[in-house]
Amino acid sequence: MKKILACLLLVSLLACQKRPKPAEIEERLKKAFSGFLYESVNNDSSRVKFRVVEVVYFEEQEGYECEFKVNMAQAGKDTLGVMKATVAKDFSKVSRKL
């Protein structure tokens, strides 16, 4: 009986995971997209530097639809642009659209 009660307690704790706060989601989206951008240049921050300034996102079933404002600096050039991407719910996969 104690084993069954312990299993039920464990299952209920795992099932009741709290939702992250919007500020936490924004930070994780920024970090995931920044990592994606640096992977595209083989993690060579001496050639180009990216800084994700802002993210606007919409949560969907399969992930987050995002619009990022990104500051890019390289060899005397500095620009601020908008990039769109889809980020998976677990923040492991980024698919850039624009």
Side-chain angles (χ1 to χ4, degrees):
M1 183 69 174
K2 290 182 181 180
K3 289 182 181 181
I4 293 173
L5 185 59
C7 288
L8 288 174
L9 182 63
L10 180 64
V11 169
S12 67
L13 287 175
L14 293 176
C16 297
Q17 295 177 356
K18 67 177 188 174
R19 292 181 52 91
K21 296 178 182 173
E24 293 171 355
I25 293 173
E26 285 183 21
E27 281 304 311
R28 293 186 71 186
L29 288 170
K30 286 179 180 181
K31 185 176 179 181
F33 194 67
S34 179
F36 170 78
L37 291 172
Y38 277 110
E39 282 178 12
S40 67
V41 292
N42 295 323
N43 294 317
D44 187 6
S45 63
S46 64
R47 288 186 17 211
V48 62
K49 293 188 184 342
F50 297 104
R51 185 171 56 92
V52 180
V53 178
E54 181 181 347
V55 61
V56 178
Y57 68 92
F58 178 77
E59 185 175 355
E60 290 191 349
Q61 184 115 9
E62 65 277 352
Y64 298 97
E65 293 294 324
C66 305
E67 184 175 289
F68 298 93
K69 283 188 183 175
V70 179
N71 181 292
M72 183 179 78
Q74 72 181 60
K77 297 177 187 175
D78 187 10
T79 187
L80 181 68
V82 176
M83 299 180 186
K84 294 183 180 183
T86 301
V87 180
K89 287 275 189 168
D90 62 354
F91 306 99
S92 64
K93 184 179 177 189
V94 177
S95 176
R96 187 166 167 208
K97 293 181 178 181
L98 178 68

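As the structure is a prediction and not an experimental result, all values here were calculated from the model.
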Colleague: Atom CZ in Phe33, atom CD in Glu67: separation rounded to 0.5 Å?
Modeller: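 Going from the CZ atom of Phe33 to the CD atom of Glu67 covers 10.5 Å.
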
Colleague: Which pair of non-hydrogen atoms, one from Ala32 and one from Val94, has the smallest distance, and what is that distance?
Modeller: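 Taking every non-hydrogen atom into account, O-CG2, 3.9 Å.
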
Colleague: Applying side-chain contact (heavy atoms from CB on, under 4.5 Å), run through Leu37 and Met72 and close with a yes or a no.
Modeller: CA-CA 10 Å; Leu37 291 172; Met72 183 179 78; over 6 Å; no

Colleague: Tell me, which pairs form a side-chain hydrogen bond (donor to acceptor under 3.5 Å, both in side chains) where one or both residues lie in residues 50-64, sequence neighbours left out?
Modeller: Arg19-Glu59, Glu59-Lys89

Colleague: Which pairs, with at least one residue in residues 20-35 and sequence neighbours excluded, count as a side-chain hydrogen bond (donor to acceptor under 3.5 Å, both in side chains)?
Modeller: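 Residue pairs with at least one partner in residues 20-35: there are none.
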
Colleague: Are Val41 and Phe36 connected in the hydrophobic side-chain network, where two residues link if heavy atoms are under 4.5 Å apart?
Modeller: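 Same cluster.
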
Colleague: Kindly compute the distance separating CD (Gln74) from CZ (Phe50), expressed to the nearest 0.5 Å.
Modeller: 7.5 Å

Colleague: Does Asn42 reach the main-chain N or O of Asp44 with its side chain, forming a donor-acceptor pair under 3.5 Å?
Modeller: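 No; zero donor-acceptor contacts below 3.5 Å.
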
Colleague: If you take all heavy atoms of Val55 and Cys66, which pair is closest and at what distance?
Modeller: CG2-CB, 4.1 Å

Colleague: Write down the atom of Phe68, the atom of Leu29, and the distance for their closest heavy-atom approach.
Modeller: CE2-O, 3.7 Å

